[in-house]
Amino acid sequence: MQFITVPGYTNSGPQHWQTLLEQKYPQIIRVQQQDWECPARQAWIDGITATLAPLTGEVMLIGHSCGAVAITQWAAHSSAMNNAGLNIKGALLVAPADVDAPDALEAIRVQRPLSLAPLPFPSMLVASDNDEHLSLTRANQLATAWGSELIIIRGGGHLHSAAGYGEWPLCEVLINQLSGNQLQPV
């Protein structure tokens with residue numbers, strides 16, 4: 001099984017949980033976007049498509065913030081799911097940014113609108129009760145729309161390195177649970 005991380009706006013830095021996962025597990029690869037400072041909707045869908053194009057077999061997607069949003073937009077895109085050799089086992093959607101919110105950062109508004117289409121694979125939406133980029137009300141709405149299991153973290157902020165989410169054992173547990181596969185460390 002391949003595990004694919006999909007970072008958000010500005011990419012995931014060296015102390016971010018996605019980066020640390022990639023360093024720990026050789027079967028995790030990162031989607032590369034042409035412009036990490038501009039999460040333009042179609043460009044980021046295309047980045048996911050390009051990363052997945054050469055792959056076959058089972059894949060698990062692991063998104064954070066605008067990367068989680070891009071996963072949902074990719075899944076709703078009519079031609080995105082056409083790789084017959086892929087079996088998307090699931091998606092872990094951590095702190096998807098509410099790009100549609102009136103107070104969303106100007107730089108991420110280019111990713112509008114959020115997809116509200118049900119995901120065609122199992123998913124978990126992990127949200128915090130004090131995320132400045134996603135209210136709990138909106139997290140509940142998105143989880144319902146996407147058909148995602150909702151997991152609430154108390155006091156986790158945006159669940160990124162600035163909020164103390166570097167090594168994050170719960171993330172590994174959720175990945176293993178959702179994928180039905182054990183991550184294998186280096």
Side-chain angles (χ1 to χ4, degrees), residues 1-39 44 47-48 50-52 54-55 57-75 86 88-99 105 107-108 111 119 121-134 139 142-143 148-186:
M1 173 175 289
Q2 285 282 288
F3 296 84
I4 310 299
T5 55
V6 187
Y9 169 61
T10 72
N11 203 351
S12 293
Q15 299 305 310
H16 192 282
W17 58 266
Q18 285 182 316
T19 303
L20 297 176
L21 279 175
E22 292 161 8
Q23 292 169 355
K24 187 173 180 181
Y25 299 104
Q27 68 269 45
I28 298 181
I29 60 174
R30 179 179 293 209
V31 166
Q32 293 300 319
Q33 299 293 359
Q34 290 184 3
D35 186 351
W36 289 110
E37 304 298 317
C38 181
W44 279 38
I48 293 172
T51 300
L52 297 178
L55 302 179
E58 296 180 333
V59 172
M60 166 85 181
L61 301 166
I62 306 162
H64 179 254
S65 192
C66 288
V69 170
I71 289 170
T72 65
Q73 292 169 334
W74 170 83
L86 275 185
I88 305 297
K89 292 292 286 184
L92 185 65
L93 308 168
V94 178
D98 187 358
V99 299
L105 295 173
I108 67 172
Q111 205 173 20
L119 294 173
F121 41 74
S123 61
M124 292 179 179
L125 190 162
V126 182
S128 168
D129 63 357
N130 67 338
D131 186 341
E132 63 271 26
H133 303 292
L134 179 68
L142 294 175
S148 302
E149 178 183 349
L150 180 61
I151 297 163
I152 305 297
I153 306 292
R154 292 188 167 276
H158 194 50
L159 300 168
H160 55 4
S161 52
Y165 287 82
E167 284 289 335
W168 186 22
L170 176 60
C171 180
E172 296 176 45
V173 169
L174 295 175
I175 291 167
N176 290 336
Q177 180 183 335
L178 186 57
S179 69
N181 204 340
Q182 280 295 117
L183 288 166
Q184 299 297 320
V186 175

Close side-chain approach of [X] to [Y], heavy-atom, < 4.5 Å:
X      : Y      : result
Ile151 : Leu125 : no
Trp168 : Leu21  : no
Ile4   : Ile62  : no
Ile152 : Ser128 : no
Ser148 : Leu119 : yes
Lys24  : Glu22  : no
Trp74  : Ile88  : yes
Gln27  : Met1   : no

Does the side chain of [X] pick up a donor-acceptor pair with the side chain of [Y] at under 3.5 Å?
X     : Y      : value
Thr51 : Arg30  : no
Gln18 : Ser12  : yes
Tyr9  : Gln111 : no
Glu37 : Thr10  : no

What distance separates [X] [atom1] from [Y] [atom2], expressed to the nearest 0.5 Å?
X      : Y      : atom1 : atom2 : result
Asn11  : Asp35  : CG    : CG    : 11.0 Å
Leu142 : Asp98  : CG    : CG    : 6.5 Å
Leu61  : Leu52  : CG    : CG    : 6.0 Å
Leu183 : Cys171 : CG    : SG    : 8.5 Å
Leu105 : Cys66  : CG    : SG    : 8.0 Å
Gln184 : Ile28  : CD    : CD1   : 11.5 Å

Can you name the closest pair of heavy atoms from [X] and [Y] and give their distance?
X      : Y      : answer
Pro122 : Leu178 : CB-CD1, 3.9 Å
Ile29  : Gln2   : CD1-OE1, 3.7 Å
Thr72  : Val69  : OG1-O, 2.7 Å
Val126 : Leu92  : CG2-CD1, 3.8 Å
Gly166 : Leu20  : C-CD1, 3.4 Å
Ile48  : Val31  : N-CG1, 4.0 Å

Step by step, would you call Ser65 with His158 a side chain to side chain donor-acceptor pair (under 3.5 Å)? CA-CA 8 Å; Ser65 192; His158 194 50; 2.8 Å; yes

Mind telling me whether His160 and His64 have parallel, tilted or perpendicular rings, with 30° and 60° as the class edges? tilted

Going by the rule side chain to side chain contact (heavy atoms under 4.5 Å, CB included), which residues pair with Gln34 if we only count those two or more places apart in sequence or in a different chain? none

Under the salt bridge (charged side-chain N to carboxylate O under 4.0 Å, His left out) test, which residues partner Asp129, sequence neighbours left out? Arg154

For Trp44, enumerate each residue passing the ring-ring contact (aromatic ring centres under 6.0 Å, His included) test, keeping only those at least two apart in sequence or located in another chain. Trp36

